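For reference, the structure discussed in these notes is given below.
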Amino acid sequence: MIDKINALKDQIAALAASNADEVEALRIKYLSKKGEIPSLFNDFRNVAPEDKRQVGQALNELKTLASEKINQLREALENSDAGEGQLDLTRPASPVRLGTRHPLSLVREEIIDIFRRLGFTIAEGPEVEDDWHVFSSLNFAADHPARDMQDTFFVNRMPDVLLRTHTSSVQSRVMENSRPPIRIICPGRVYRNEAISARAHCFFHQVEALYVDRNVSFADLRQTLLYFAREMFGPDTQIRLRPSYFPFTEPSAEMDISCNLCGGKGCSFCKGTGWVEILGCGMVDPNVLEACGIDPNEYTGFALGMGVERITNLKYQVKDLRMFSENDVRFLEEFESAH
């Protein structure tokens with residue numbers, strides 16, 4: 001039997017196969033239940049007792065050799081060109097290309113982070129709103145131009161259902177359902193019926209802030225604005241407030257920052273003035289507080305609002321607002337280093 005085992009070892013060492021079917025045929029021939037090696041194990045009972053140790057060791061070596069040889073043939077075929085065109089699940093996956101954060105998302109999160117450090121929390125509300133929360137509760141007169149169809153998208157020509165034109169509607173909802181102190185920031189998308197161009201779009205993004213408590217003053221508003229401007233645009237940034245008008249604040253102001261391109265010296269971006277407007281603000285009108293169920297004799301507050309696209313333009317000098325919504329991968333890839 002030892003001679004037969006040695007002969008099979010030589011055969012197995014010389015085995016070759018050109019496809020998976022041939023490998024399977026070799027496995028059946030040598031290792032299946034009725035194969036040549038199991039048949040030798042069946043004949044092992046007839047071996048003389050004094051030879052059993054030598055023969056048993058040789059049989060085990062033969063079986064191990066056959067198993068390793070057939071596995072080698074199978075692996076060689078899987079890794080060879082013969083397997084081309086078949087899916088090899090053992091190969092490493094191709095690297096997945098990661099996307100980039102949208103520039104508006106980057107700036108929005110930066111704005112939110114700055115106000116969070118001042119104790120503001122995020123408040124959100126519906127984009128499809130009613131007239132009360134968008135206009136009436138915020139002291140808009142019945143004949144105010146913002147109610148005109150040229151500025152506002154109404155839903156199914158219903159005069160009381162519309163797409164919100166500002167996130168101030170979130171402020172009125174919070175004031176109706178909360179008691180002071182209120183310190184919130186309201187980020188979100190808003191809609192206005194405007195022609196789309198490099199400088200305007202029918203939808204854009206705002207971040208508004210509201211602070212209502214006892215003894216809130218205009219000085220608190222100015223200090224908040226100065227902190228925000230220097231955190232967002234740099235520690236040397238200067239601000240100035242110009243009188244303005246908004247129905248929901250009194251007094252009202254627009255805030256400019258010193259141009260971060262020319263340092264306030266004057267350039268084409270700031271039109272030679274050294275200043276760039278970035279937001280509107282003011283003290284919450286007592287009529288708004290009263291409409292939302294807050295006693296204006298006991299509480300005061302300030303509100304401010306800015307366009308995220310405007311702040312993004314100042315930080316990254318994006319000249320065309322349409323770039324923000326066209327999803328051009330080449331444009332988005334420019335902001336990989338800003339993450």
Side-chain angles (χ1 to χ4, degrees), residues 1-110 112-113 116 121-122 124 126-127 187-189 205 316 323-339:
M1 182 176 282
I2 290 294
D3 292 336
K4 192 171 184 179
I5 291 174
N6 290 333
L8 282 175
K9 283 184 177 180
D10 293 337
Q11 288 182 27
I12 292 170
L15 291 179
S18 59
N19 55 57
D21 292 337
E22 291 181 4
V23 173
E24 181 63 12
L26 292 173
R27 186 195 67 80
I28 293 173
K29 178 181 178 180
Y30 291 102
L31 294 173
S32 66
K33 186 179 294 186
K34 296 182 179 179
E36 294 189 23
I37 294 176
S39 296
L40 290 177
F41 275 90
N42 290 334
D43 293 337
F44 181 73
R45 70 186 70 157
N46 300 320
V47 175
E50 63 269 20
D51 296 328
K52 281 187 178 291
R53 181 175 181 180
Q54 180 184 4
V55 174
Q57 183 176 356
L59 280 174
N60 287 330
E61 291 175 355
L62 176 64
K63 184 178 181 181
T64 300
L65 176 65
S67 298
E68 292 177 350
K69 182 64 177 181
I70 289 173
N71 287 335
Q72 289 174 2
L73 292 173
R74 184 180 292 115
E75 291 174 3
L77 283 174
E78 290 175 350
N79 295 326
S80 69
D81 293 337
E84 187 175 355
Q86 301 178 4
L87 180 61
D88 183 2
L89 298 179
T90 65
R91 295 181 60 187
S94 300
V96 178
R97 186 176 181 183
L98 298 177
T100 61
R101 296 290 303 280
H102 195 282
L104 293 180
S105 297
L106 292 171
V107 172
R108 174 182 177 273
E109 291 304 315
E110 188 174 357
I112 291 173
D113 182 64
R116 272 181 176 156
T121 59
I122 294 178
E124 296 180 329
E127 295 182 8
R189 180 178 291 184
H205 301 80
Y316 299 120
M323 295 295 293
F324 292 128
S325 55
E326 290 180 349
N327 293 324
D328 189 323
V329 175
R330 296 168 298 178
F331 170 71
L332 298 177
E333 286 175 345
E334 296 179 11
F335 299 90
E336 286 181 339
S337 61
H339 289 208

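Fair warning: this is a prediction, and the values are worked out from it, not measured in the lab.
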Which pair of heavy atoms, one from [X] and one from [Y], lies closest together, and at what distance?
X   : Y   : value
A17 : L73 : N-CD2, 4.2 Å
L26 : A16 : CD1-O, 3.9 Å
S32 : P38 : O-CG, 2.9 Å
A20 : L77 : N-CD1, 3.7 Å
A66 : L31 : CB-CD2, 3.9 Å

Original post:
So with a 6.0 Å cut-off around CD of Q57, is the heavy-atom count from everything else above 12?
Top reply: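 Count not over threshold, so no.
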
**OP:** Give the ring-plane orientation class for H102 versus F324, where under 30° counts as parallel, over 60° as perpendicular and anything between as tilted.
**Re:**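 Rings of H102 and F324: tilted, as their planes differ by 30° to 60°.
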
**OP:** Return the set of residues passing side chain to side chain contact (heavy atoms under 4.5 Å, CB included) with L65 (not counting sequence neighbours), or none when no residue passes.
**Re:**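 Side chain to side chain contact (heavy atoms under 4.5 Å, CB included) list for L65, sorted by chain: K9, I12.
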
So, taking the atom named [atom1] in [X] and the one named [atom2] in [Y], what distance separates them when rounded to the nearest 0.5 Å?
X    : Y    : atom1 : atom2 : result
L8   : K63  : CG    : NZ    : 14.5 Å
D10  : I5   : CG    : CD1   : 12.5 Å
Q54  : L59  : CD    : CG    : 10.5 Å
R189 : R108 : CZ    : CZ    : 11.0 Å

Original post:
Is any side-chain heavy atom of P103 closer than 4.5 Å to a side-chain heavy atom of L332?
Top reply: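 They are in side-chain contact.
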
Original post:
So, the side chain of D113 versus the backbone of E109: is there a donor-acceptor pair under 3.5 Å, distance only?
Top reply: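 No, the answer is negative, given that no donor and acceptor are paired below the 3.5 Å cut-off.
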
Original post:
Donor-acceptor pair, H205 side chain versus P187 backbone, under 3.5 Å?
Top reply: no

**OP:** Under the side chain to side chain contact (heavy atoms under 4.5 Å, CB included) rule, what do Y30 and L62 come out as? Steps first, then yes or no, please.
**Re:** CA-CA 10 Å; Y30 291 102; L62 176 64; over 6 Å; no

**OP:** Run the numbers on Y316 and E334 for side-chain hydrogen bond (donor to acceptor under 3.5 Å, both in side chains), then give the verdict.
**Re:** CA-CA 10 Å; Y316 299 120; E334 296 179 11; over 6 Å; no

**OP:** Just grab all the salt bridge (charged side-chain N to carboxylate O under 4.0 Å, His left out) pairs involving residues 16-25, residues at least two apart or on different chains.
**Re:**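 Of all non-adjacent pairs touching residues 16-25, those that pass salt bridge (charged side-chain N to carboxylate O under 4.0 Å, His left out) are E24-R27.
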
